[in-house]
Amino acid sequence: STDRFSDFFYRVRAESPLHHQFLNRWLRTLSEPLPEIPIAAMDIEVRCPSVGHIPDPREADEPVICVCFVCSDGRKCAFLLLRSEVGDQVPEVAGVEVFAYRDERELLKAVFEFIIKYPVLVTFNGDDFDLRYLWHRAVDRFGFRREETPFEAHHDWMGVRHGIHIDLYPFFDNRSIQNYAYEQRYRETTLDDLAQALLNKRKIELEKPIGELDYKTLIEYCMNDAQLTYELAIKLRALELLFLISRIVITPPENVCRTGISIWIKNLLYASMRRLHPRYLIPHPEEVRKRGTITTRPVIKDKLYRGGFVKEPVPGVHFDVVVLDFASLYPSVISVWNISFDTVLCPHSECRDNLIPGTPHHVCRKRTGIVSAVIGSLKDVRVEYFKKLAKDKRLSPEERAFYNSVQLTMKVILNASYGVFGLRAFPLFCPPVAEGTAAVGRYALTKTIEKAESLGVRVLYGDTDSVFLHRPTEEQIHELIKWSERELKLKLELDKRYRYVVLPALKKNYIGVYDDGTVEVKGLAGKKRHMPAFIKRVFVEALETLSKVKTPEDFVDARNHIIHIVSEAHRKLRRREFDVRDLALVVKLGKDISEYRKTTPQHVKAARMLERLGRKVRRGDLIAFVKTRRGGAMPIDLARPEDVDIDKYAELLENTFRPILAALDLEVAEVTGGKMRSLFEFS
DNA sequence: AACTGTGGCGCAGTGC
DNA sequence: GCACTGCGCCACAGTT
């Protein structure tokens, strides 16, 4: 055809009719602009007796005292309950329409009428709290008939009858969304952490329980949360992402925001197979399982199969490092090797010798696998079409932003597409698919390392899909990329250039410094979430020192300066010149505390102390504690400076810096030509 | 019975 | 999804 997609089809030659068919579908459904639908973001406040207490939505025994909306038509509305203990003066709040009620029943009725005006209702945790509370309050306490509310109560979620309810909490809690769409910029799925990390805003801090606030403060607090929810949806494009995922995986947005990625991919593959009926039928899980078993041994026991390869790093400091990586390695492997549950270990004798390297599994030559076609086409459209549009300067910033959302959404789905085949609960669970994909990945990386070395380039490190090259020439880089394209049929790309890299002897740990002084830290203890603020600050200072280093000679001073900073911190510890709160380790409870039976980790010990004091602790809570002399861990709120076990913190400080300093020592020894005393030889 | 050293393992947090 | 690190618990062996 001569339409706007013809150029794409010219560039990307479809490998099979099936592949072509999918390319077509992606282009058409994802180029269509999203419709503009009126939305309302909502937050409610319930009177509660104390600050930390959260009322049970199924009991709903406290009154709803404020409901706020921020809407796409620009309206900001607050529904307020007037109570005798607070007064009957309706406050003025700038930019907010305030509707006040003496009767809670009337308030609920007005709120319900308001909700119905907007086809999309957005909340943060509305399934478990806001909507459920309103529902139980209205039906159980005020005798509303179910039809008199706009809600539909389901076992584990809340819907709205006239439109859709999007709960952003489970969406942002999705690890794939966190990792790939928002690049790990937030760590906790709380409104406050999301707002801080992504919007540079905060929740309003309260001094008093909700029930004791004056009306104006109450509205401001509630409206702020509704506003943050609205901004997550619109400014951070969560809603756009959601609707695009919905299109790709052929699943309603209400469902997409509440389910994990394995459900999305199941729906996508099922829909694709239905479309191809009668050439394809959806297989029974048992049938997929019969395809074959695992033949590689995982590195970590209790895992199913072997995963990515990590090269032993060359410890020390290295200048002029170029990092190359494979563009979407696993999806590309699936595409190039025709890996799918319907092609791996096929029955044809002609295909027996088409082996996946490092495994006894063979792949079909006669038919295109469904997974390979779906994932391969999605990858091609992302790389060759939407990524290009997202960078196309001839388009408006709005258009570019839209196409960027599209390519980001595709990335989320692509990156998860391989792992699900190793998930027992996945209905298309097929170990050889996962195992085979990882095996080709290892093959590609090891061959690339060998090729680089044969070209005379030293490979300093590599992890799964990347190689760190020491001082390669432009020709060598080019040669390697061409070789990969030719021999592996995989796209190797220039990822980044570092002025220098600090490689500790540890895998998955490094510091990379760009030419402009930007520092990138991976894996090192100093940046881990649980580290006390006291140590994190020292760590950041050390990184600032490294950021200024320009030549190998500079390391002598840099190393001495870092040693100085660390010794200074050490001294402060010894003299107990610190705020105890800065020494708190913050660790998440992975499960409810009763489930810790085999061991009692320190944060669990602290959590048990809190529980004995009547504090509720649940799975997912962050426990802040300090290490003390007697009895180990103690909750931060109970700890006094004199309880602190200084030796333990000194050790933690040393352990944080040891890998870095050891790497720097290698460099400094090279520059000065001799050995020198390390920080830790003093202690 | 109390102490010390060691190795395995559970757990959290990270990288890709 | 697997690979890797650090920390601390815990069981066990050997010693006092």
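These numbers come from the heavy atoms of this one structure, side chains and all, not from hydrogens, waters or symmetry mates. Letters A, B, ... are given to chains in the order of the sequence lines, protein chains preceding strands, and every chain is numbered from 1. Because the structure is a prediction, the values reported are computed rather than measured.
- In this structure, I300(A) reaches the bases: a heavy-atom distance under 4.0 Å links it to at least one base atom across the strands shown.
- Nucleic acid contact for Y596(A): sugar-phosphate only, since backbone atoms but no base atoms lie under 4.0 Å from a heavy atom of the residue.
- For K627(A) and dC7(C), the shortest distance from a side-chain N or O to OP1 or OP2 is not below 4.0 Å.
- K528(A) places its NZ atom 6 Å from the P atom of dT14(B), with the value rounded to the nearest Å.
- Nucleic acid contact for R175(A): base, since at least one base atom lies under 4.0 Å from a heavy atom of the residue.
- Computed from coordinates, the R658(A) CZ to dT5(C) C1' distance equals 14 Å when rounded to whole Å.
- Comparing dC4(C), dC9(B), dT14(B) by their closest approach to the side chain of K507(A) singles out dC4(C).
- Judged as a side chain to side chain donor-acceptor pair (under 3.5 Å), and not counting sequence neighbours, the contacts of T296(A) are E435(A).
- The residue Y510(A) sits close only to the backbone: its heavy atoms come under 4.0 Å of sugar-phosphate atoms, none of a base.
- Checked against the 6.0 Å centroid threshold, F421(A) and F429(A) do not count as a close aromatic pair.
- Ranked by how close their nearest DNA chain C nucleotide is to the 5' end, K648(A) and K303(A) are led by K303(A).
- Under a cutoff of 6.0 Å and an axis angle of 45°, K591(A) and Y596(A) form a cation-pi pair.
- Side-chain contact of T343(A) with N338(A): a donor-acceptor pair under 3.5 Å is absent, judged by distance alone.
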